[in-house]
Amino acid sequence: SSGISTNLSFSTREKAEALNILNILKGNEQGDFLLGEQLERSQAATFIVRLVGKEEHVLNNKANYNNTVFTDVPRNAWYAPYVGYCSENGIIAGVGDNLYKPNDKLSEKELLKLVLTALGYEYGSGRDFDWTNVFEKAYQVKLVDDPIYLTKTADNRNYTRGEVVKVLFNSLGLVHA
């Protein structure tokens, strides 16, 4: 036996620290990742840009991404270029009526949809997945590991940053088949 476990189990805090090293997740001034709090939609766009390795590109091209189709995303908001990039690349579509609602809290289903799309899965009717099978697709590609997702329908509207960390961590080893 080599002594190396192939079934490593990391705590949520350890996963957050790994995401921090990769510059996907940043803590506040005290180094707290706020794992018990909910994620805002503006923050989710930022996580997605970092996850796909495009933050430097986005920040170097702010002028191209600051103007979004969303009337509630001011072009001078810190999150505007992140939202703009995600919108331009078909990762986010907003909530209708040209609104993004950047300060609203993100649900579990919404986050899984964003991550699946960021990984290259096509969203929409007749595509890789749609709103009716987000949970099932997330389980099939191993974003989540509980088989309950095969039949889950109820969205979790109290989705914490700690739960987001688990999904983002799981996504690191995934490649679109």
Side-chain angles (χ1 to χ4, degrees), residues 19 24-26 28 33-55 57-59 61-141 143-144 148-171 174 176:
L19 292 170
I24 295 170
L25 174 69
K26 297 181 180 168
N28 63 14
F33 298 120
L34 310 172
L35 300 177
E37 294 184 16
Q38 287 185 266
L39 187 68
E40 292 180 358
R41 294 172 57 84
S42 56
Q43 297 165 337
T46 306
F47 282 3
I48 294 298
V49 166
R50 292 175 182 158
L51 183 68
V52 298
K54 294 291 185 181
E55 185 170 40
H57 167 77
V58 166
L59 294 178
N61 295 280
K62 275 186 181 182
N64 297 340
Y65 297 118
N66 274 349
N67 285 327
T68 73
V69 298
F70 305 114
T71 57
D72 59 349
V73 176
R75 65 176 267 97
N76 63 346
W78 68 265
Y79 52 83
Y82 298 96
V83 172
Y85 175 87
C86 289
S87 175
E88 196 170 294
N89 287 279
I91 297 169
I92 60 171
V95 296
D97 296 330
N98 292 336
L99 296 176
Y100 182 65
K101 299 204 176 191
N103 300 316
D104 280 9
K105 305 300 185 211
L106 198 73
S107 76
E108 177 179 32
K109 196 172 187 179
E110 290 167 337
L111 177 86
L112 293 173
K113 184 256 181 194
L114 290 179
V115 175
L116 286 165
T117 307
L119 289 173
Y121 292 97
E122 292 186 25
Y123 177 79
S125 180
R127 307 289 180 144
D128 293 324
F129 74 106
D130 61 35
W131 195 246
T132 65
N133 66 348
V134 170
F135 292 128
E136 183 180 353
K137 189 67 175 179
Y139 179 77
Q140 288 171 349
V141 304
L143 273 182
V144 293
I148 192 121
Y149 283 88
L150 287 171
T151 56
K152 183 173 177 155
T153 56
D155 199 355
N156 179 358
R157 306 251 8 126
N158 296 307
Y159 202 56
T160 67
R161 291 170 57 103
E163 292 165 308
V164 170
V165 160
K166 293 175 192 172
V167 169
L168 295 178
F169 186 85
N170 288 348
S171 75
L174 301 180
H176 183 310

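All heavy atoms count here, side chains included; hydrogens, waters and symmetry mates do not. Worth saying up front: this structure is predicted, and the values here are computed from it rather than measured.
- Qualifying side chain to side chain contact (heavy atoms under 4.5 Å, CB included) partners for Lys101, counting only residues two or more places apart in sequence or in other chains: Arg41, Asp72, Val95, Leu99, Asp104.
- Under a cut-off of 6.0 angstrom, the local environment of NZ in Lys62 is sparse, with at most 12 non-hydrogen atoms contributed by other residues, nucleotides or ligands.
- With sequence neighbours left out, the ring pair (Phe, Tyr, Trp, His ring centres under 6.0 Å) criterion links Phe129 to Tyr123.
- In summary, Glu88 and Lys54 do not engage in a salt bridge, as defined by a charged side-chain N under 4.0 Å from a carboxylate O.
- Not counting sequence neighbours, Tyr159 has no partner by the ring pair (Phe, Tyr, Trp, His ring centres under 6.0 Å) test.
- Considering only residues two or more places apart in sequence or on other chains, Phe33 meets the ring pair (Phe, Tyr, Trp, His ring centres under 6.0 Å) condition with none of them.
- For the pair Asp128/Leu116, no side-chain contact is recorded, criterion being any heavy-atom separation below 4.5 Å from C-beta on.
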Exercise for the section: Check step by step if side chain to side chain contact (heavy atoms under 4.5 Å, CB included) holds for Asn66 and Asn76. Expected result: CA-CA 7 Å; Asn66 274 349; Asn76 63 346; over 6 Å; no
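- Using a 4.0 Å cut-off between charged side-chain N and carboxylate O, Arg161 and Glu37 make no salt bridge.
- Residues Ser107 and Asp155 are in side-chain contact: their nearest non-hydrogen atoms beyond the backbone lie under 4.5 Å apart.
- Residues passing the ring pair (Phe, Tyr, Trp, His ring centres under 6.0 Å) test with Tyr85 are Tyr65, sequence neighbours excluded.
- Side-chain contact, Gln43 with Thr46: no donor N or O sits under 3.5 Å from an acceptor N or O.
- Judged by distance alone, with hydrogens and angles left aside, the side-chain atoms of Asn156 form no donor-acceptor pair with the main-chain N or O of Glu108 at under 3.5 Å.
- Evaluation of the ring-ring contact (aromatic ring centres under 6.0 Å, His included) test over residues 97-119, restricted to residues two or more places apart or in two chains, returns Phe70-Tyr100.
- No side-chain heavy atom of Val83 sits under 4.5 Å from any side-chain heavy atom of Pro102.
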